[in-house]
Amino acid sequence: MNIVHADFAVENYDLPATLGSGQAFGWRCGPQGWTGVVNGRWVRLRAGGGRIAAETAAPAADWQWLRHYLQLDVNLPEILAAFPSDDAALQAAVRACPGLRLLRQEPWECLACFICSSSKQIVQIQQITALLSRRFGEPLPVPPGEEPAYSFPGFARLADVSESDLRECKLGFRAPYLRGTAQKLAAGEGDLGRLAKLSLDEARAELLKLPGVGMKIADCVLLFGYGFPEAFPVDVWIMKALRRHYFPRRSVTPARLRRFIRSHFGPRAGYAQQYLFHYMRVIENARGTK
DNA sequence: TCCCAGGCTGCTT
DNA sequence: AAGCAGCATGGG
């Protein structure tokens, strides 16, 4: 089995923070780097010295799929410079983790994983999605001596899986949601590929038609899967941050909150969201419980 | 034992 | 329209 290497020069790219920041759930950190599956290929990544080194198990014609996934061509300093300068909380989050990036994941996998995510901790989402891959995905070529790896099962495959089989993957009450969404897509009711050509609001409206998909999950898919940079998923962590920093001692209606997000964070609000999320969840939390 | 987790749905007011 | 119980499962 051939092992194929590549090397990318990067600036302002914090690979561990990006792969571990709760936007993708398939990456595992080991002594030799971060191992995961991108578009049906086993990959290991290692960062250092202004470079990201990549290793795969099978030769590919080019590396565009990985550059696209890692969003290597995004001009991060330009995005960070456009954040509101008078926002102390956001600026602190940026200073704490200046190379945090957004990935561009495959939309179906992203959608399925976030349907599994509701009211779950990130570690558990990782476990659930790993079970789905192992059980219903296809085995992938890996270098000798490596753990087996599996593709993430497509919606056609999951549409044929019984609810109890999904529950055995620890999906709990999310099982009928994932099954329902997979069946709808398999039946041609909804075309994920078409969403990329729509506006943010139009694409969100399409996602909201799927079972188990509300505002939060829709915005995650729009941000992490389709690359709409203004999508701003509001989960419990972000809600905590927004209340604390922007609405102390005030109740906020969802409509007012959305208006605030749009006007305050601007057209790249999704990046601001990821910085606030990571700061709240990892950095502030670690400081508080140390 | 209790509270919470990258929520959504459907039923009550 | 807004509030809220219920939904599985596991971590701290």
Side-chain angles (χ1 to χ4, degrees), chain A residues 17-27 93 97 100-103 105 107 109-132 135 162-184 190 204-226 228 231-244 250-259 261 265 269-290:
Chain A
T18 300
L19 299 182
S21 64
Q23 51 180 316
F25 304 102
W27 292 97
C97 190
L100 179 61
R101 300 275 186 144
L102 291 180
L103 302 169
Q105 302 172 58
E109 178 176 348
C110 188
L111 171 61
C113 289
F114 275 99
I115 287 176
C116 299
S117 80
S118 79
S119 196
K120 276 290 180 195
Q121 299 185 135
I122 289 175
V123 208
Q124 296 176 317
I125 305 166
Q126 293 171 336
Q127 292 166 355
I128 292 170
T129 54
L131 285 171
L132 287 174
R135 181 121 187 230
S162 74
E163 184 179 321
S164 64
D165 281 342
L166 290 179
R167 282 180 188 266
E168 284 181 17
C169 296
K170 311 299 181 187
L171 264 84
F173 61 81
R174 307 153 196 82
Y177 296 155
L178 181 58
R179 182 170 144 88
T181 286
Q183 288 183 335
K184 246 184 148 167
R204 183 190 290 119
E206 290 302 308
L207 289 172
L208 289 175
K209 294 176 183 172
L210 299 169
V213 180
M215 273 291 213
K216 190 271 172 183
I217 290 178
D219 278 353
C220 283
V221 178
L222 293 167
L223 183 62
F224 305 137
Y226 288 96
F228 285 98
F232 192 104
V234 178
D235 75 317
V236 289
W237 290 95
I238 284 293
M239 199 60 211
K240 207 186 305 180
L242 293 178
R243 277 196 211 288
R244 178 186 303 174
R250 263 189 299 164
S251 65
V252 194
T253 66
R256 171 146 171 60
L257 190 61
R258 301 205 77 78
R259 255 183 290 133
I261 288 167
F265 295 112
Y271 274 88
Q273 178 275 157
Q274 197 62 12
Y275 277 87
L276 289 173
F277 177 80
H278 191 254
Y279 189 57
M280 282 290 291
R281 194 180 72 85
V282 177
I283 298 165
E284 279 196 340
N285 211 39
R287 187 181 301 151
T289 59
K290 186 162 62 76

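Just so we're on the same page: letters track the sequence lines, and every chain starts at 1. This structure is a prediction, so every number in the text was calculated from the model and none was measured.
Under the 6.0 Å cut-off for aromatic ring centres, A/F114 and A/F224 qualify, their centroids lying closer than that.
Nucleic acid contact for A/S21: base, since at least one base atom lies under 4.0 Å from a heavy atom of the residue. Here A/V213 lies in heavy-atom contact (under 4.0 Å) with sugar-phosphate atoms only. Residue-level contact check: A/F224 touches the bases, meaning some heavy atom is under 4.0 Å from a base atom. Across all strands shown, A/Q274 has heavy atoms under 4.0 Å from base atoms, whether or not it also approaches the sugar-phosphate. Counting any heavy atom pair closer than 4.0 Å across all strands shown, A/G22 reaches a base atom. Backbone-only contact: A/S117 has heavy atoms under 4.0 Å from sugar-phosphate atoms and none from a base.
If you take CD1 of A/I122 and C1' of C/dG12, they are 15 Å apart, rounded to a whole angstrom. Nucleotide C/dG10 holds its P atom 12 Å from the CG atom of A/L171, rounded to whole Å. Distance, A/F114 CZ to B/dA5 P: 16 Å, rounded to whole Å. Rounding to whole angstrom units, CG of residue A/L222 and P of B/dG6 are separated by 20 Å. Spacing between atom CD1 of A/I238 and atom P of B/dG6 amounts to 12 Å, rounded to whole angstrom units. A straight line from CD1 of A/I128 to P of B/dG6 spans 11 Å, rounded to a whole angstrom. Taking atom OH of A/Y177 as the reference point, atom C1' of C/dG6 lies 9 Å away to the nearest angstrom. For the pair A/Q126 CD and B/dA5 P, the computed distance is 17 Å after rounding to whole Å.
With hydrogens and angles ignored, the 3.5 Å screen pairs no side-chain donor or acceptor of A/S21 with any backbone N or O of A/H278.
Proximity note for A/F277 (side chain, C-beta onward) versus B/dC8, B/dG6, B/dA5: the nearest is B/dG6. Of all nucleotides listed (C/dA8, B/dG7, B/dG6), C/dA8 comes nearest to the side chain of A/R174. Here B/dA5 is the nucleotide among B/dG6, B/dT9, B/dA5 with the atom lying nearest to any side-chain atom of A/Q124. For A/Q273, the side-chain atoms get nearest to B/dG6 when compared with the rest of B/dG6, B/dC8, C/dG11. Which of C/dT9, C/dA8, B/dC8 sits closest to the side chain of A/K120 comes down to C/dT9.
In terms of heavy-atom proximity, A/V221 sits nearest to A/P107 at CG1-O, 4.2 Å.
Under the Watson-Crick and G-U wobble criteria, each requiring two contacts below 3.5 Å, nucleotide C/dA8 is left unpaired.
The number of heavy-atom neighbours closer than 6.0 Å to CZ of A/R243, taken from other residues, nucleotides and ligands shown, is 12 or below.
Close to C/dG10, at under 4.0 Å from its OP1 or OP2, lies a side-chain N or O of A/K170.
Nucleotides C/dA8 and B/dC11 are separated by 16 Å at their P atoms, to the nearest Å. Annotation: B/dG6 and C/dA2 have their P atoms spaced 27 Å apart (nearest Å).
For A/Q127 and C/dG11, a side-chain-to-base donor-acceptor distance below 3.5 Å is absent, hydrogens and geometry of angles not being considered.
Comment: A/R258 engages A/D219 in a salt bridge, judged by a side-chain N to carboxylate O separation of less than 4.0 angstrom.
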> Taking it one step at a time, do A/F232 and A/I238 satisfy side-chain contact (heavy atoms from CB on, under 4.5 Å)?
Replying inline: CA-CA 10 Å; A/F232 192 104; A/I238 284 293; 3.7 Å; yes
